[in-house]
Participant: 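Let me begin by handing over the structure; questions about it come next.
Atom set for the values below is all heavy atoms of this structure, side chains included, hydrogens, waters and symmetry mates excluded. Whatever order the structure lists ligands and atoms in, that order sets their numbers, starting from 1.
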Amino acid sequence: MAHLSDPVTILKGVGPARARQFAALNILTLRDLICHFPRGYEDRTKLVPIASLETDVPACFRATVMNTPRTAHIRKGLDLTKVQVADHSGRLNLTFFNSRFAAENLQYGREYIFYGAVTGDFIGYNMTNPVFETLDSAPVTTRRVLPIYPLTAGLSNAAVLKAVTQALAICDAPAEILPESVRREYGILPAQEAYEAIHAPKSMAQAEQAKRRLIFEEFFVFSAGLSLMRAARAEKRTQAYERLELTDFYAALPFTLTGAQQGAVQDIVRDLGRGAPMNRLIQGDVGSGKTMVAAAAAYLAARNGRQCALMAPTEILAEQHFESFSRLFGPLGITVGLLTGSMTAKQKRTAREELEGGTVQVIVGTHALLTEATQFSNLGLVIADEQHRFGVAQRSRLSAKGEDPHLLVMSATPIPRTLALLMYGDLEVSVLNELPPGREQVDTFLVGESYRARINAFIRKHVSEGHQCFVVCPAVEENEELGVKSAMVWADTLQQTVFPDLRIALLHGQMKGAEKEAAMTAFARGEANVMVATTVIEVGVDVPNATLMVVEDADRFGLSQLHQLRGRVGRGKAKSYCILTTHNRNPETLQRLKALCKTTDGFKIAEEDLRLRGPGDFFGSRQSGLPAFRVADLSMDLETLKQAQAASARWIDDHGTEDTPEALALRDRVQELFSRAEGTMN
Ligand code: ADP
Ligand code: MG
């Protein structure tokens with residue numbers, strides 16, 4: 001018996017060259033090979049009479065060869081072999097290109113099973129290059145459900161199938177990690193059966209069952225991993241904070257916290273007083289007031305003699321937080337520092353010295369906080385703003401600068417509950433589902449191209465009133481294929497022909513980090529009237545003077561994304577507007593966009609997005625925080641995800657830390673999955 005960790009080269013027919021081809025697909029071991037799942041199947045199980053063959057639909061049929069195959073040499077490199085076959089229902093002419101095999105093996109008078117598609121023209125039907133097998137041969141290319149594998153140059157489907165079949169014959173499938181009780185409850189195939197069936201299903205239905213099992217397994221392992229992480233953290237001990245009084249803090253605030261903010265602060269107070277590290281996510285729509293909730297946590301850390309680090313994804317956000325924290329904490333006698341990459345070496349040194357000496361209690365910064373040189377005297381609380389910008393590695397690098405400090409993560413991306421569990425399953429969640437009072441809604445309109453002149457006039461009106469505008473385009477550069485507005489070209493058009501007298505700025509993802517910062521900072525300072533941008537402006541920069549956002553080709557964006565974008569305006573006192581433009585006339589698309597005009601509830605919008613477009617948007621470029629699932633497709637398999645989550649949560653609670661073979665195997669798999677995802681996990 002071979003072992004799963006053996007190299008593929010122990011298989012017959014797999015030499016160094018073939019092994020290199022497998023390596024190109026990341027297949028090194030038998031385990032990799034067995035986990036190289038088909039991307040689809042061809043159902044070749046049914047035999048069809050020749051008369052029932054449909055044009056261009058491949059199918060299997062059983063037929064007798066009616067003449068001796070004739071091969072004609074057409075020109076150099078092109079031999080054609082022709083033969084006629086028949087069954088009780090009709091006759092069919094077959095043509096093979098350069099097939100010595102067909103010429104030599106098809107025998108007059110014998111019966112074979114063929115698989116191919118007829119092509120028809122007015123002269124008659126014909127079939128080109130069908131595969132065929134004799135009736136007594138084992139079914140390999142006909143009379144079966146054929147798995148279709150992801151391939152690479154030089155590696156044929158048949159070669160992969162042969163290797164996989166061999167591997168399954170000489171070693172056991174990966175160990176069973178789904179507890180029997182769970183399998184029974186959800187009607188899930190056992191591991192051995194599923195791994196065999198995914199590569200050699202007896203029917204399409206069995207292939208589906210096998211796939212469901214493997215998807216369930218992936219979700220189960222992932223959810224179990226999150227539960228285990230949470231359980232492990234819950235075991236950790238820190239000193240419980242004793243001074244949890246917030247009266248002075250509340251008195252220093254320029255406003256009363258909303259009910260949702262108060263609720264989140266209460267959650268934090270409870271966490272900090274418990275004697276275990278806090279791991280909390282604050283999820284709240286743009287403008288819901290997450291910063292002040294974070295400030296409450298920072299205040300408590302300071303009052304309990306601990307330092308707090310607030311990490312922001314951009315310099316400009318760090319500076320904004322620094323300013324609002326300084327204003328708030330100054331009168332309370334709490335010192336606030338700033339540390340960003342663009343500060344001078346001397347400024348940075350001073351900030352670091354104060355931090356190490358303990359004279360700074362709250363430090364606000366960017367990735368500069370993570371460097372070796374940054375040391376704390378007593379780090380007790382780490383706050384990460386807009387958390388999807390930070391990987392788990394960075395979060396833990398900052399945490400490692402203290403002894404199991406409390407962790408508070410703030411995210412402005414409303415995510416439906418199911419997905420939130422998947423992405424943040426290791427964190428407790430507080431939701432801010434309420435906006436501060438008196439906030440005027442951003443009025444949103446959907447218009448077509450016929451409104452262009454009015455849009456331009458509207459931009460000019462806002463600018464002439466001293467306000468600023470964002471214009472968001474779906475693409476950076478000109479791209480004929482997409483046929484949508486590009487930020488570069490559109491900025492140029494607006495500057496050259498529409499608003500030659502205004503200052504138009506440009507911001508897009510292909511600019512360097514420092515360039516982006518500079519453009520954004522300049523805009524925030526009022527140095528341009530209109531900023532033409534791609535979605536890079538999505539992350540929480542505050543430009544209260546911006547009162548109009550125009551989104552070009554709005555149908556190119558997801559609803560949640562549009563909602564995020566819209567959150568960039570309406571942050572000041574003046575009434576703000578969002579104009580969505582589209583050329584699209586698809587009623588469904590228009591309805592989707594109109595929904596956005598009607599509601600400003602980010603969670604509702606997220607649910608709608610999930611329903612209409614699947615979770616792709618939530619797991620797209622923005623959120624890289626998930627491991628690469630091998631079988632599961634998050635846009636298709638939500639139902640299985642829910643089941644697996646429920647099953648794993650229950651099982652981990654009851655048995656997760658036992659040392660039974662099942663629990664051990666599961667923990668091994670969790671390890672394997674999470675090490676594969678290293679650096680990308682939240
Ligand atoms: P976000 O959740 O997007 O980070 P912020 O924390 O930046 O939101 O808050 C948005 C704005 O609302 C800020 O100007 C902040 O001062 C203000 N704000 C926050 N909480 C309240 C409140 N309870 N009442 C009034 N204004 C508030
Ligand atoms: Mg914010």
Side-chain angles (χ1 to χ4, degrees), residues 246 249-268 280-299 308 310-331 336 362 364-366 383-390 408-415 429-442 470 520 524 536-547 549 560-576 578 600-603 605-606 622:
L246 280 160
F249 173 78
Y250 283 137
L253 286 180
F255 39 67
T256 317
L257 292 189
T258 64
Q261 283 172 314
Q262 285 175 27
V265 171
Q266 282 317 308
D267 290 342
I268 291 170
R280 184 165 294 280
L281 170 74
I282 305 288
Q283 241 207 335
D285 223 335
V286 274
S288 58
K290 292 180 289 291
T291 317
M292 286 306 133
V293 174
Y299 172 83
C308 164
L310 168 62
M311 186 157 67
T314 62
E315 302 223 335
I316 176 160
L317 269 175
E319 278 161 26
Q320 276 180 3
H321 285 319
F322 171 68
E323 276 160 31
S324 55
F325 275 30
S326 300
R327 226 177 300 132
L328 177 67
F329 287 140
V336 183
V362 179
V364 181
T366 54
I383 304 176
D385 192 9
E386 304 295 352
Q387 77 102 211
H388 52 268
R389 289 296 177 102
F390 298 108
L408 186 67
V409 167
M410 297 189 282
S411 167
T413 319
I415 293 166
V429 181
S430 304
V431 172
L432 299 186
N433 52 3
E434 187 182 348
L435 290 185
R439 193 70 58 77
E440 268 208 82
Q441 283 200 354
V442 177
F470 287 109
M520 204 61 220
V536 291
I537 56 160
E538 221 181 314
V539 168
V541 173
D542 214 359
V543 185
N545 194 39
T547 51
M549 167 165 293
S560 290
Q561 206 178 9
L562 288 169
H563 179 63
Q564 288 295 123
L565 285 167
R566 175 169 65 177
R568 299 299 110 227
V569 294
R571 299 173 81 87
K573 295 208 170 52
K575 176 78 189 162
S576 294
C578 177
T600 50
D601 180 335
F603 284 93
I605 291 167
R622 265 178 309 152

Participant: Looking at Ser288, which atoms of ligand 1 are within less than 4.0 Å of one of its heavy atoms?
Facilitator: 2 (O), 8 (O)

Participant: Is Gly287 near ligand 1, meaning one of its heavy atoms is under 4.0 Å from it?
Facilitator: yes

Participant: Apply the test side-chain contact (heavy atoms from CB on, under 4.5 Å) to residues Ile605 and Arg566: give CA-CA distance (whole Å), side-chain angles for both, the deciding distance (0.1 Å), then the verdict.
Facilitator: CA-CA 12 Å; Ile605 291 167; Arg566 175 169 65 177; 3.6 Å; yes

Participant: Show the nearest heavy-atom pair for residues Met549 and Arg568, with the distance to one decimal.
Facilitator: CE-CB, 3.9 Å

Participant: Without swapping roles, check the side chain of Ser430 against the backbone of Ala264 for a donor-acceptor pair under 3.5 Å.
Facilitator: no

Participant: Ligand 1 and Phe255, any nitrogen or oxygen pair closer than 3.5 angstrom?
Facilitator: no

Participant: Determine, using heavy atoms of Asp385 and all atoms of ligand 1, whether some pair is separated by less than 4.0 Å.
Facilitator: no

Participant: Output the list of atoms in ligand 1 that are nearer than 4.0 Å to some heavy atom of Leu257, sorted by atom number.
Facilitator: 23 (N)

Participant: Heavy atoms only: which of Thr256, Thr291, Leu432 is nearest to atom 23 (N) of ligand 1?
Facilitator: Thr256

Participant: What are the two closest heavy atoms between Ala294 and Ile383, and how far apart are they?
Facilitator: O-CD1, 3.6 Å

Participant: Could you list the atoms of ligand 1 found under 4.0 angstrom from a heavy atom of Asp285?
Facilitator: 2 (O)

Participant: So which heavy atom on Gly570 is nearest to which on Val442, and how close?
Facilitator: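 Heavy atoms of Gly570 and Val442 come nearest at CA-CG2, 4.0 Å.
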
Participant: Taking 4.0 angstrom as the limit and counting only heavy atoms of Gln261, give me the atoms of ligand 1 inside it, by number and element.
Facilitator: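 By the 4.0 Å cutoff, the relevant atoms are 19 (C), 20 (N), 22 (C), 23 (N).
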
Participant: How are the rings of Phe249 and Phe329 set to each other: parallel, tilted or perpendicular (split at 30° and 60°)?
Facilitator: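 Phe249 vs Phe329 ring planes: tilted.
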
Participant: Please list, in number order, the atoms of ligand 1 under 4.0 Å from a heavy atom of Thr258.
Facilitator: 23 (N)

Participant: Donor-acceptor pair, distance only, cut-off 3.5 Å: does the side chain of Gln261 make one with the backbone of Gly289?
Facilitator: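 Pair found, side chain donor or acceptor close to backbone of Gly289.
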
